[in-house]
Structures are given as C-alpha cells and as structure tokens.
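Worksheet: one structure, shown below.
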Amino acid sequence: MAGHETHYVLPMPTFDKPVRLLIVVAPYYKDIADNLVAGARAVAATAGAVVDLIEVPGALEVPTAIAMAARMADYDGFVALGCVIRGETTHYDTVCNDSSRALAMLGLDGVSIGNGILTVENRPQAEVRADPEGQNKGGGAAAAALHLVALSRKWAGRTKGIGFRPSGETILLAGDPEGYPTA
C-alpha cells in the first residue's frame, strides 16, 4: 500500500531574497481545499515566502489563472490546488487530464508550479491526501514550487549562447592545455 511506504523528501531550499507565491485553488470541495491551502501556507512559511491566494471555479480554471498571473503579475512561483473525485461520467478524465496537461505545459515554458490538484477515486482518499497532518499534498505542492523557484533563480541570467561564447570564456581544444580564448 502506498500509504505505508516511505519516500525521500528533498530538503527545503533557502533563499537570499523573499519568494512570492500565488496559491490558485479550486474550492469545489471546500473542506478539502481548505486543508490543501493550510498545508501549502505552512510549507511556504518555513521558506519565508510571501503568499497570496485566489480562488477559481474549478480545476480546469487553475492553469488559466496561473498563466494569466505568470504574464501579468509579479510572482516567483505558483501552487495549483484542488480536488477531482471520480464520478459516474467521463468528465473526471477530462478534468484530470486537461488540468494536468495545461500545468505541465506552463512548467515546460518555465513557470515554477507545484501541482497539488488531487485526482482521487473517492472522498476518503481526498481527505487523507489533503490533511496537513496526513499526506499533506498541499504542502508537497508548495515545496515543489519552491524547489523550482530555487532552480529558476540559480539559472537566472545564464545563457548557453547562440553560436558564440561570452567574452573571456576559454574553449579547451584537444591537445591544447592552455585553451583558446574567445575574446
């Protein structure tokens, strides 16, 4: 059973300047959403992050809100929260797949997102996963966003170059231990 396994958890990153996170939550199942938010806020606080919260109607709107904020607001990272519980129709599959795919696409575009949208078979599964004292998936999503923000800051301003090397960088050629300066 997955609930009894232990998993490695990365140590929380540290930051030299405050992180601004936006939590975007779909509170369709309000009690579950509130627990996800509580877990995310607690983890963000351990990193000294400043957190704002917005609510959207459902899980499908979470990626859209994050995309808008990534373009128009000043946040370092985002935490996507919500819960989709399987019902009697294929709507569950559509919501799960499309919200997840949209978040992944934003991530591939460089947006630092922790995905805490639960996709579960039933309410008890959601309750355990959302509980800050249980699996704390909201906290896990905040931690994921913080790790991505740390990577983003680490690599900020670095470029691979486009057919050239930055001035002063040395290219080492085979058989030439001195190197060949590019500038």
message: Would you say CD of E133 has more than 12 non-hydrogen atoms from neighbouring residues, nucleotides or ligands within 6.0 angstrom?
response: no

query: Above 12 or not: heavy atoms from other molecules or residues under 6.0 Å from OH of Y92?
result: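 Yes, because the 6.0 Å sphere around OH of Y92 holds more than 12 heavy atoms from other groups.
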
Sub-4.5 Å side-chain heavy-atom contact between [X] and [Y]:
{"X": "R86", "Y": "T119", "answer": "no"}
{"X": "V25", "Y": "V79", "answer": "no"}
{"X": "I23", "Y": "L81", "answer": "yes"}
{"X": "V120", "Y": "C83", "answer": "yes"}
{"X": "E121", "Y": "I85", "answer": "no"}
{"X": "V149", "Y": "F15", "answer": "yes"}

[atom1]/[X] to [atom2]/[Y] distance, rounded to the nearest 0.5 angstrom?
{"X": "M12", "Y": "T46", "atom1": "CE", "atom2": "OG1", "value": "4.0 Å"}
{"X": "K137", "Y": "I32", "atom1": "NZ", "atom2": "CD1", "value": "14.5 Å"}
{"X": "I113", "Y": "L108", "atom1": "CD1", "atom2": "CG", "value": "9.5 Å"}
{"X": "K154", "Y": "L148", "atom1": "NZ", "atom2": "CG", "value": "13.0 Å"}
{"X": "S112", "Y": "L146", "atom1": "OG", "atom2": "CG", "value": "9.5 Å"}
{"X": "C96", "Y": "I117", "atom1": "SG", "atom2": "CD1", "value": "9.0 Å"}

Could you pull out the closest heavy-atom pair between [X] and [Y], with the gap in Å?
{"X": "A59", "Y": "V95", "value": "CB-CG1, 3.7 Å"}
{"X": "A26", "Y": "G58", "value": "CB-C, 3.3 Å"}
{"X": "P132", "Y": "G39", "value": "CG-N, 4.0 Å"}
{"X": "A142", "Y": "A44", "value": "CB-N, 4.5 Å"}
{"X": "R153", "Y": "P18", "value": "NH2-O, 2.9 Å"}
{"X": "A65", "Y": "V24", "value": "CB-CG1, 3.9 Å"}

I'd like to know if [Y] and [X] are part of one continuous hydrophobic network [Ile/Leu/Val/Met/Phe/Trp/Tyr, side-chain heavy atoms within less than 4.5 Å].
{"X": "V51", "Y": "V19", "result": "yes"}
{"X": "V56", "Y": "Y75", "result": "yes"}
{"X": "L36", "Y": "L103", "result": "no"}

field: E55 vs K30, side-chain contact (heavy atoms from CB on, under 4.5 Å): CA-CA, chis, key distance, verdict
entry: CA-CA 11 Å; E55 294 181 343; K30 183 80 167 114; 3.8 Å; yes

CA sep, side-chain torsions, deciding dist, call: D98, L60, side-chain contact (heavy atoms from CB on, under 4.5 Å): CA-CA 7 Å; D98 290 356; L60 288 174; 3.8 Å; yes

field: Polar side-chain atom of N97 near backbone of D93 as donor-acceptor pair, under 3.5 Å
entry: yes

field: Exam field: side chain R129 to backbone Q125, donor-acceptor pair closer than 3.5 Å
entry: yes

field: Evaluation steps, side-chain contact (heavy atoms from CB on, under 4.5 Å), between I66 and V111
entry: CA-CA 9 Å; I66 289 173; V111 180; 4.2 Å; yes

query: For V84 and L118, what are the C-alpha separation, side-chain angles and deciding distance, and is it a side-chain contact (heavy atoms from CB on, under 4.5 Å)?
result: CA-CA 6 Å; V84 186; L118 304 179; over 6 Å; no

query: Step by step, would you call K17 with D76 a salt bridge (charged side-chain N to carboxylate O under 4.0 Å, His left out)?
result: CA-CA 11 Å; K17 68 175 201 170; D76 298 300; 5.6 Å; no

